[in-house]
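Shown next, in structure tokens, is the structure this report addresses.
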Amino acid sequence: MDLFNVYPLFDITPAKAKGCYIWDSQGDQYLDLYGGHAVISIGHSHPHYVEALRSQLSQIGFYSNSVQNPLQQKLATLLGEQSGYADYQLFLCNSGAEANENALKLASFATGRKKVVAFRHAFHGRTSGAVAVTDNPKIVSPFNSVHQVTFVPLNDAEAFAQAMDEEVAAVIVESIQGVGGIRMAEDAFLQLLRRKCDETGACLILDEVQSGYGRSGKFFAHQYAGIRPDLITMAKGMGNGFPIGGVLISPKIHPWLGELGTTFGGNYLACAAAIAVLEVIAREKLVDNAREMGVYLMDKLRGFSMLEDVRGRGLMIGFDVPDAQKTIRQRLLDTHKIFTGAAGARTIRLLPSLALTRRQADEFFEALEEELVEA
Ligand code: PLP
């Protein structure tokens, strides 16, 4: 049977991974500055994480949500302490799109409305609800028409005010757009979204699937703006590669039995992975490291005259390369064995493990210097 061919793949087969490095089946070592779309938060194969999964698997691997699972409460308690949202409620699911789907559903239940305001260049996932609020023409399908969504340019206060009325259930926004090219929602704009949602009774959903879990140098990127959303969605870095997602839900929103549900969400192994991730983040002070390394990387990147518009927060960084340098990502991989990400034709995205060291960053800069001089 053939695999359904939807992924443009590099001809590399990872055989081993540790920290910020991957080794392929030929034994070649790669510096991983992409972390499989920002999922590697604490580093590959962290010993505490590996042991947590191994010991959980030897006790109880999977069971559904029809029995008590104390690991869910342990995860919720740790997450509350570390994120500053101890008073919120946690719903666990399996992916970022599913988290957004459930957040949209909750907003609709809470308000009795169905209109949504979303932002241009946003990416919220590939389920029909998440696609409907995603402004990416490549993944639009006929299902989009079932949702009433108004798209507004990010940071355009006037267009946003015009889109808002008392029929809007939810405003959904990424604090830092990832797939959209590391475009930042301004702090003042996020504050405006909060105020307008309060005025109209809409729910404010912050999609922190890519920017959350310490990546920005705060636990959630919207915390730079000092706002508290009604719903926060998360996934990627939460399980360091193990599939898990979640929604943080304001105490103003009250659940009823059967309102949401999932077979696999919050299973024992996923919880064990997510608990181990939070333990390592706290123990190794990885949120602080992300903030400090972000400053280090962005300062140095701004020193390269050929690179334009270096932007981001913490270890969620983007920069543009001129047309003549469009192959730089492939050259970094082929010649220097360094993985980076892309967003569009000219934007390079860096989403390394939050445990990245200066030495590893310098390895990248040496390669960049060689490539930019030689071109
Ligand atoms: N939201 C954002 C901001 C994302 O970047 C992504 C994935 O890239 C998603 C949602 C969807 O997450 P998943 O692929 O886990 O469904």
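What you see is a predicted model, and the numbers here were worked out from it, not measured in a lab. Worth knowing before you read on, the calculation uses all heavy atoms, side chains too, and leaves out hydrogens, waters and symmetry mates.
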Output the distance between atom CG (D187) and atom CG (N155), rounded to the nearest 0.5 Å.
10.0 Å
For the residue pair R313 and Y224, would you count it as a cation-pi contact if the rule is NZ or CZ under 6.0 angstrom from the ring centre and within 45 degrees of the ring axis?
yes
Please determine if R194 and D198 form a salt bridge, counting it only when a charged side-chain N lies under 4.0 Å from a carboxylate O.
yes
For the pair N65 (side chain) and G266 (backbone), establish whether a donor and an acceptor sit closer than 3.5 Å, ignoring hydrogens and angles.
no
Do H124 and D207 have side-chain N/O donor and acceptor atoms under 3.5 Å apart?
yes
Is there a side-chain contact (heavy atoms from CB on, under 4.5 Å) between V321 and I348? Walk through the geometry before answering.
CA-CA 8 Å; V321 294; I348 305 292; 4.1 Å; yes
Check: residues 271-285 side-chain donor-acceptor pairs under 3.5 Å, at least two apart:
residue	atom	partner	partner atom	Å
E279	OE1	H48	NE2	2.6
E284	OE2	H46	NE2	2.8

Residue Q59 excluded, over 12 heavy atoms near CD under 6.0 Å
yes
Minimum heavy-atom distance D165-R113, with the two atoms named:
O-NH1, 4.5 Å
Whether Q360 side chain and T357 backbone form a donor-acceptor pair below 3.5 Å:
yes
Sorted by chain and number, sequence neighbours left out, side chain to side chain donor-acceptor pair (under 3.5 Å) with N102 holds for none
Judged by atom type as modelled, is there a donor-acceptor pair below 3.5 Å linking the side chain of N267 to the main-chain atoms of F264?
yes
Do K196 and V171 have side chains that get closer than 4.5 Å, going by heavy atoms?
no
How about H336 and E363: does a side-chain donor come under 3.5 Å of a side-chain acceptor?
no
side-chain hydrogen bond (donor to acceptor under 3.5 Å, both in side chains) assessment of D320 paired with T347
CA-CA 4 Å; D320 297 339; T347 301; 2.7 Å; yes
Consider only side-chain N and O atoms of N100 and T233, and report whether a donor and an acceptor are under 3.5 Å apart.
yes
Hey, mind stepping through K18 and D32 against salt bridge (charged side-chain N to carboxylate O under 4.0 Å, His left out) and telling me if it holds?
CA-CA 10 Å; K18 186 104 195 99; D32 183 11; over 6 Å; no
Side-chain touch L315/L297, heavy atoms, less than 4.5 angstrom
yes
If only atom types and distance count, is the side chain of Q73 paired as donor or acceptor with the main-chain N or O of N69 below 3.5 Å?
no
Restricting to non-hydrogen atoms, name the atom on P229 and the atom on H222 that form the minimum distance, rounded to 0.1 Å.
CD-NE2, 3.4 Å
hydrophobic_cluster_shared for I244 and L286, side chain cutoff 4.5 Å:
yes
Hey, are the side chains of L248 and M234 touching, using non-hydrogen atoms and a 4.5 Å cut-off?
yes
Do you know which two heavy atoms are closest between H44 and Y21, and how far apart they sit?
CD2-O, 3.9 Å
Output for pair (L106 CG, T111 OG1), nearest 0.5 Å, gives 10.5 Å
Under 4.5 Å between any side-chain heavy atoms of Y296 and L356, yes or no?
no
Side chains of Y213 and N240, donor plus acceptor under 3.5 Å
no
Decide yes or no on side-chain contact (heavy atoms from CB on, under 4.5 Å) for Q177 and F123, but give the supporting numbers first.
CA-CA 7 Å; Q177 292 187 342; F123 181 82; over 6 Å; no
Closest approach of C20 to S353 (non-hydrogen atoms, all atoms of both residues)
SG-CB, 3.8 Å
Which distance, rounded to the nearest 0.5 Å, do you find between the CD1 of I22 and the CD1 of I40?
7.5 Å
Using modelled atom types only, decide if a donor and an acceptor are shared between the side chain of R183 and the backbone of G180 within a distance under 3.5 Å.
yes
Are Y34 and F339 close enough that their ring centres sit under 6.0 Å apart?
no
Is S83 close to F220 at the side-chain level, that is, under 4.5 Å between some pair of heavy atoms?
yes
All heavy atoms of P70 vs all of Y268, minimum pair found to be CD-OH, 4.4 Å
Out of curiosity, F242 CZ to N94 CG, how far, rounded to the nearest 0.5 Å?
9.5 Å
E166 (side chain) donor-acceptor with T200 (main chain) under 3.5 angstrom
no
Near R302 CZ, under 6.0 Å, is it more than 12 heavy atoms from other residues, nucleotides or ligands?
yes
Look at the side chain of D24 and the backbone N and O of I12, then say whether any donor-acceptor pair between them is shorter than 3.5 Å.
no
Is there a side-chain contact (heavy atoms from CB on, under 4.5 Å) between T262 and E98? Walk through the geometry before answering.
CA-CA 10 Å; T262 151; E98 208 188 319; 3.8 Å; yes
Give a yes or no answer on whether the side chain of T134 reaches the backbone of N136 with a donor-acceptor pair at less than 3.5 Å.
no
Would you check if L190 and M184 make a side-chain contact, meaning some heavy-atom pair closer than 4.5 Å?
no
Tightest non-hydrogen contact, residues L332 and A367, listed as CD2-CB, 3.9 Å
Report the C-alpha separation of I42 and L354 in whole Å, then their side-chain angles, then the decisive distance to 0.1 Å, and conclude whether the side-chain contact (heavy atoms from CB on, under 4.5 Å) test is met.
CA-CA 6 Å; I42 60 170; L354 310 184; over 6 Å; no
Between the side chains of R349 and Q210, is a donor N or O closer than 3.5 angstrom to an acceptor N or O?
yes
Would you indicate whether the side-chain heavy atoms of L231 and I172 approach each other to under 4.5 Å?
no
Joint cluster assignment, V287 & L78, ILVMFWY side-chain distance < 4.5 Å
yes
Does W23 belong to the same Ile/Leu/Val/Met/Phe/Trp/Tyr cluster as L31, with side-chain heavy atoms less than 4.5 Å apart forming each link?
yes
Parallel, tilted or perpendicular for F319 and F364, by the 30°/60° rule?
tilted
Option passing side-chain hydrogen bond (donor to acceptor under 3.5 Å, both in side chains) with D334 (candidates R331, Q330, K337)
Q330
Quick one: pull up CD in Q223 and CZ in R228 and give me the separation to the nearest 0.5 Å.
8.5 Å
Below 4.0 angstrom, N of the basic side chain to O of the carboxylate: do D288 and R291 qualify?
yes
Grouping I, L, V, M, F, W and Y whenever their side-chain heavy atoms are under 4.5 Å apart, do L154 and V117 come out in a common cluster?
yes
OH of Y88 to CD1 of I249: how many Å apart, nearest 0.5 Å?
10.5 Å
State whether the side chain of E371 and the backbone N or O of I328 hold a donor-acceptor pair below 3.5 Å, judged by distance alone.
no
Flag side-chain contact, heavy atom, 4.5 Å: L307 against L368:
yes
Could you tell me whether a side-chain N or O of R215 sits under 3.5 Å from a main-chain N or O of G314, the two making a donor and an acceptor?
no
M164-L206 co-clustered via ILVMFWY side chain contacts under 4.5 Å:
yes
Side-chain H-bond candidate by donor/acceptor type, S175 with E208, under 3.5 Å:
yes
